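To start, the structure itself, in structure tokens.
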Amino acid sequence: TQLLEQSPQFLSIQEGENLTVYCNSSSVFSSLQWYRQEPGEGPVLLVTVVTGGEVKKLKRLTFQFGDARKDSSLHITAAQPGDTGLYLCAGSTSGTYKYIFGTGTRLKVLA
Amino acid sequence: DVKVTQSSRYLVKRTGEKVFLECVQDMDHENMFWYRQDPGLGLRLIYFSYDVKMKEKGDIPEGYSVSREKKERFSLILESASTNQTSMYLCASRPGKNTIYFGEGSWLTVV
């Protein structure tokens, strides 16, 4: 079974702190997505990364795809309470319809 | 913007009832998916469809069936609801092998 392992599983930080979430696999992904899910809602797409080594920025969020396309990271600068939620990485390997989800990182940012 | 709409946000059903969860997408996507999400278990694929009238079992199809009579609509059916099917159900759609887009989710409670 292909797995996407995220770390940490839980994170509770103060407003203004920085954090990084990691997403790792032994498989190569053709693309990888990051989602944020708030309680009671569906996951909302934040970004898609496609090229090995790619870095994308979305305001205070920086996403990086590993050179070998097996891992990714999400860095949040100066976290705010509105960043609270479940962060999921997900993707599919080449030639398959199957979409694999990470184990999730639950972030809580305290005011 | 991609729009995936789940018809019911919150449902309470009795054990043994037949339950229909409806999902509509407005972007002419070929692929549609049904997941359930449970605490500690993450997102698990129930069924997916890659074309009208085509369906494939996911990881946990037991107790569920699906219907895709039109490209934009994918229905999840619980023939005889049971309490262990109490969960958050997420519909998603995807163009080809690209990014998945989720609906807002349907919370089903079976009593």
Side-chain angles (χ1 to χ4, degrees), chain A residues 1-10 21 23-25 27-51 54 56 58 63 65 69 72 85-108, chain B residues 1-11 21 23-25 27 29-51 54-61 87-109:
Chain A
T1 303
Q2 296 165 324
L3 284 175
L4 270 172
E5 301 216 2
Q6 286 184 237
S7 61
Q9 197 174 356
F10 299 98
V21 177
C23 175
N24 294 293
S25 175
S27 300
V28 175
F29 286 82
S30 54
S31 68
L32 199 137
Q33 286 75 40
W34 284 92
Y35 296 84
R36 181 171 67 221
Q37 185 179 20
E38 298 186 20
E41 303 292 329
V44 175
L45 178 69
L46 296 174
V47 79
T48 295
V49 285
V50 178
T51 307
E54 183 176 3
K56 281 193 174 178
L58 185 66
F63 304 86
F65 201 13
R69 291 185 286 129
S72 182
L86 176 68
Y87 288 82
L88 292 163
C89 63
S92 56
T93 54
S94 298
T96 176
Y97 285 104
K98 192 156 186 179
Y99 206 67
I100 299 163
F101 284 90
T103 46
T105 296
R106 196 165 294 279
L107 171 65
K108 187 166 187 176
Chain B
D1 281 354
V2 176
K3 186 78 172 166
V4 180
T5 304
Q6 294 183 231
S7 57
S8 304
R9 291 299 315 279
Y10 303 97
L11 306 96
L21 298 178
C23 176
V24 177
Q25 50 96 2
M27 288 301 291
H29 289 171
E30 296 91 352
N31 305 307
M32 296 188 75
F33 305 81
W34 275 105
Y35 291 87
R36 63 178 283 178
Q37 186 177 30
D38 301 285
L41 296 176
L43 279 147
R44 293 182 291 168
L45 180 64
I46 305 171
Y47 267 96
F48 70 97
S49 168
Y50 51 89
D51 203 350
M54 306 300 284
K55 61 185 179 186
E56 291 281 343
K57 292 181 180 179
D59 299 318
I60 51 162
S87 187
M88 163 88 142
Y89 289 87
L90 288 162
C91 175
S93 75
R94 181 184 186 193
K97 297 190 178 71
N98 296 321
T99 304
I100 275 189
Y101 297 89
F102 286 93
E104 292 182 318
S106 298
W107 284 96
L108 172 66
T109 301

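Excluded from the calculations below are hydrogen atoms, water molecules and symmetry mates; all remaining heavy atoms, backbone and side chain alike, are included. So you know, we letter chains A, B, ... as the sequences are listed, proteins then strands, and number each from 1. If you're wondering where the values come from, they're calculated on a predicted model, not measured in any experiment.
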Task: Atom group of A:Q33 that falls short of 4.5 Å from chain B, counting heavy atoms - done: side chain

TODO: Heavy-atom distances under 4.5 Å only: say whether B:L90 touches chain A with side chain, backbone, both or neither.
DONE: side chain

Task: Side chain, backbone, both or neither of A:L86 within contact of chain B (heavy atoms, under 4.5 Å) - done: side chain

Task: Per-residue contact mode, A:T48 against chain B (heavy atom under 4.5 angstrom) - done: side chain

Task: For chain B, the option from A:A90, A:G102, A:P43 that forms the most heavy-atom pairs under 4.5 Å - done: A:P43

Open item on the list: For A:Q37, which atoms come within 4.5 Å of any heavy atom of chain B: side chain, backbone, both, or neither?
Closed with: side chain

TODO: Looking only at non-hydrogen atoms, find the nearest pair between A:Y35 and B:T99 and report the distance.
DONE: OH-CG2, 3.7 Å

TODO: Measure B:R44 against the heavy atoms of chain A and call it side chain, backbone, both or neither at under 4.5 Å.
DONE: neither

TODO: Look at the rings of B:Y35 and A:F101 and say which category their plane angle falls in: under 30° parallel, 30 to 60° tilted, over 60° perpendicular.
DONE: perpendicular

Task: Taking every non-hydrogen atom, the tightest pair across A:G40 and B:R9 - done: O-NH2, 2.6 Å

- [ ] Look only at the side chain of A:Y99 and the backbone of B:L45, and say whether a donor-acceptor pair between them is shorter than 3.5 Å.
- [x] no

TODO: Under 4.5 Å heavy-atom distance to chain A, tell me which part of B:E56 shows up: side chain, backbone, both or neither.
DONE: neither

